[in-house]
Undergrad: 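If you scroll down you'll find the structure; I have some questions about it.
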Amino acid sequence: MPAVTDDLLALPANTDPYPLLRDLRDSDPVHWSEPHRAWLITRYDDVSAAFQNKALSSDRVRPLLAARAGRPATTTVLSLMSDWMVVSDPPAHTRLRKLAAGAFKGQRIAGMTEMITRIVDEHIDAFLTEPGPQDLIERVAYPLPAIVIATMLGAPPEDRDRFRDWSDELALVAFGTGGAARAERHERALRGLIEMQTYFGALVEQRRRDPGDDMLSALMARDGSDGLSDDELVAMCALLLFAGHETTTNSIANSVLALLRHPDHLDRLRQEPELIGPAVEELLRFDGPIKVLNRWVVSETQIQGRTIAPGQRVHLVLAAANRDPEKFTDPDVLDLGRSPNPHVAFGKGIHACIGAQLARMETRIALARVVARMPGLALAGEPQWKASLASRSLEALPVRCSP
Ligand code: HEM
């Protein structure tokens with residue numbers, strides 16, 4: 001057991017979790033944490049194996065429902081989220097994943113380069129017209145994923161700001177935000193979820209009458225005995241919006257911050273733009289958007305000789321696995337050309353991120369355009385990290401861009 005505190009939400013671990021994660025990985029790689037009431041798994045091989053371990057269930061919201069009975073806002077939010085495929089096990093997961101994968105395939109992600117580049121460039125243009133320090137998240141990294149997913153689902157452009165608000169409110173619950181927001185987070189998430197359900201319910205009705213070539217219509221096209229019901233369609237839209245928003249925003253923002261803190265790498269990427277593919281993989285490994293994934297133990301299992309009991313929770317610490325020296329040479333060193341780079345920022349196994357191709361494309365284009373079009377980019381203040389167990393998320397990224 002390490003002498004340091006094992007609370008990932010406490011300072012300084014929330015600001016820089018890597019020293020604490022290194023201690024845990026070295027001294028107690030399967031560690032029971034009292035503050036989190038969960039096992040922290042920190043070695044790459046153990047995290048990888050855990051993705052395949054049937055004793056570790058993804059159906060992790062339903063058990064919370066029973067424990068939170070009597071708190072109406074909480075139980076309503078949790079019961080709406082409990083049908084999402086990301087928190088379900090086979091066979092329910094298998095069916096939902098197949099239907100979603102079919103609709104994703106139809107979207108021809110590779111053909112979206114032009115659209116994503118245009119959106120990024122419009123936002124950089126707007127940034128560059130304003131003098132003085134600004135928040136790169138608010139101006140560029142935050143709007144992009146919401147606009148992209150709204151466009152893919154076929155929502156009218158004028159509704160896109162609402163997508164961002166709902167996704168933020170849900171993130172308070174799904175990512176376990178701490179601090180002042182903690183007390184009211186379920187009420188805020190519930191407000192967002194109810195509005196989102198009403199909105200997507202109407203959109204589903206409209207697409208049933210008048211299908212298009214969008215992803216929502218593609219999700220419907222698999223109608224028949226195994227197709228998605230209207231309620232499931234609404235839940236799928238909410239999940240896609242939620243799962244793809246904050247993660248991609250953070251992927252862009254954390255990448256820009258890492259480059260600003262490693263100016264030699266920033267210069268290298270400017271000189272060698274063809275490096276953007278491996279560079280984004282490395283930035284996802286180095287300081288990726290998801291620190292921790294949860295699993296619920298449904299039968300007794302052993303990890304590194306520790307007995308993990310049914311009813312307990314396991315935290316798969318992606319941020320620790322991605323810096324395991326057994327897997328990555330000099331893991332704390334940023335190396336934009338690193339190859340191979342088998343990071344687990346997108347998870348692994350049956351729940352591996354279904355939006356990874358899209359997320360990679362958005363991050364590559366956003367980063368490449370920021371690097372190419374903002375040569376005078378510099379930090380304009382010390383960025384603060386949100387108090388969050390699951391996500392690695394900045395409050396803001398204050399920057400200035402000198403001509
Ligand atoms: C850099 C950005 C992203 C990161 C780091 C990321 C990461 C992840 C991870 C780690 C998982 C596995 C969850 C688990 O095992 O419990 C996951 C699943 C998922 N992601 Fe992503 N994601 C990103 C972007 C996206 C985007 C853009 C979309 C869609 C528009 C998306 C949709 C999903 C969905 C639907 C799942 C659940 C898949 C399943 O349960 O089978 N993600 N993501």
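For ligands, and for the atoms within them, numbers begin at 1 and follow the listed sequence.
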Undergrad: Does ligand 1 have a heavy atom under 4.0 Å from the side chain of I290, from its backbone, from both, or from neither?
TA: side chain
Undergrad: If I apply the N/O under 3.5 Å rule, does H93 come out as touching ligand 1?
TA: yes
Undergrad: Would you verify whether the NZ or CZ of R323 falls within 45 degrees of the ring axis of F328 while also being under 6.0 Å from that six-membered ring's centre?
TA: no
Undergrad: Could you say whether the N/O atoms of R60 and ligand 1 ever approach to under 3.5 Å?
TA: yes
Undergrad: Can S393 and S388 be counted as having a side-chain donor-acceptor contact under 3.5 angstrom?
TA: no
Undergrad: Name the closest protein heavy atom to atom 30 (C) of ligand 1, giving the residue it belongs to and the distance to 0.1 Å.
TA: I149 CD1, 3.6 Å
Undergrad: Is it the case that ligand 1 has an N or O less than 3.5 angstrom from some N or O of H351?
TA: yes
Undergrad: Between ligand 1 and T248, is the shortest N or O to N or O distance under 3.5 Å?
TA: no
Undergrad: Taking only Lys NZ, Arg NE, NH1 and NH2, and the carboxylate oxygens of Asp or Glu, determine whether K327 and D324 approach each other closer than 4.0 Å.
TA: no
Undergrad: Do you know which two heavy atoms are closest between F286 and V333, and how far apart they sit?
TA: CE1-C, 4.1 Å
Undergrad: Please collect all salt bridge (charged side-chain N to carboxylate O under 4.0 Å, His left out) contacts where either partner lies in residues 280-294, sequence neighbours excluded, each pair once.
TA: E281-R360, E281-R364, E282-R285, E282-R338, D287-R392
Undergrad: Pull out every atom of ligand 1 sitting under 4.0 Å from any heavy atom of R97, numbered as shown with elements.
TA: 38 (C), 39 (C), 41 (O)
Undergrad: Run through the protein N/O/S atoms less than 2.8 Å from atom 21 (Fe) of ligand 1 and write them out by chain and number.
TA: C353 SG
Undergrad: Numbering the atoms of ligand 1 from 1, which are under 4.0 Å from a heavy atom of R295?
TA: 14 (C), 15 (O), 16 (O)
Undergrad: Please could you name the atoms of ligand 1 that F104 approaches to less than 4.0 Å, counting only its heavy atoms?
TA: 29 (C), 30 (C)
Undergrad: Just jot down the ligand 1 atoms closer than 4.0 angstrom to any heavy atom of I350, in number order.
TA: 41 (O)
Undergrad: Pull out every atom of ligand 1 sitting under 4.0 Å from any heavy atom of P289, numbered as shown with elements.
TA: 5 (C)
Undergrad: For R162, is there an ion pair with D165 - N to carboxylate O distance below 4.0 angstrom?
TA: no
Undergrad: Report, in ascending order of atom number, the atoms of ligand 1 lying under 4.0 Å from any heavy atom of A345.
TA: 5 (C), 7 (C), 10 (C)
Undergrad: Please name all residues satisfying side-chain hydrogen bond (donor to acceptor under 3.5 Å, both in side chains) with R373, sequence neighbours left out, ordered by chain then number.
TA: D121, D125
Undergrad: Please report the C-alpha distance between H351 and F51 in whole Å, then the side-chain angles of each, then the deciding distance to 0.1 Å, and finally whether the ring pair (Phe, Tyr, Trp, His ring centres under 6.0 Å) criterion is met.
TA: CA-CA 8 Å; H351 289 279; F51 282 117; 9.1 Å; no
Undergrad: Using a strict 4.0 Å cut-off to heavy atoms of S251, name the atoms of ligand 1 that fall inside it.
TA: 1 (C)
Undergrad: Are F242 and W166 an aromatic pair by the rule of ring centers under 6.0 Å?
TA: no
Undergrad: Assess whether a salt bridge exists between E232 and R95, defined as any Lys/Arg side-chain N lying under 4.0 Å from an Asp/Glu carboxylate O.
TA: yes
Undergrad: Have T307 and E300 got a donor and an acceptor in their side chains that come within less than 3.5 Å?
TA: no
Undergrad: Under 3.5 Å, sequence neighbours excluded: what are the donor-acceptor pairs made by side chains of residues 308-315?
TA:
{"residue": "Q312", "atom": "OE1", "partner": "W39", "partner atom": "NE1", "Å": "2.6"}
{"residue": "Q312", "atom": "OE1", "partner": "A309", "partner atom": "N", "Å": "2.9"}
{"residue": "R313", "atom": "NH2", "partner": "H36", "partner atom": "O", "Å": "2.9"}
{"residue": "H315", "atom": "ND1", "partner": "N294", "partner atom": "OD1", "Å": "2.5"}

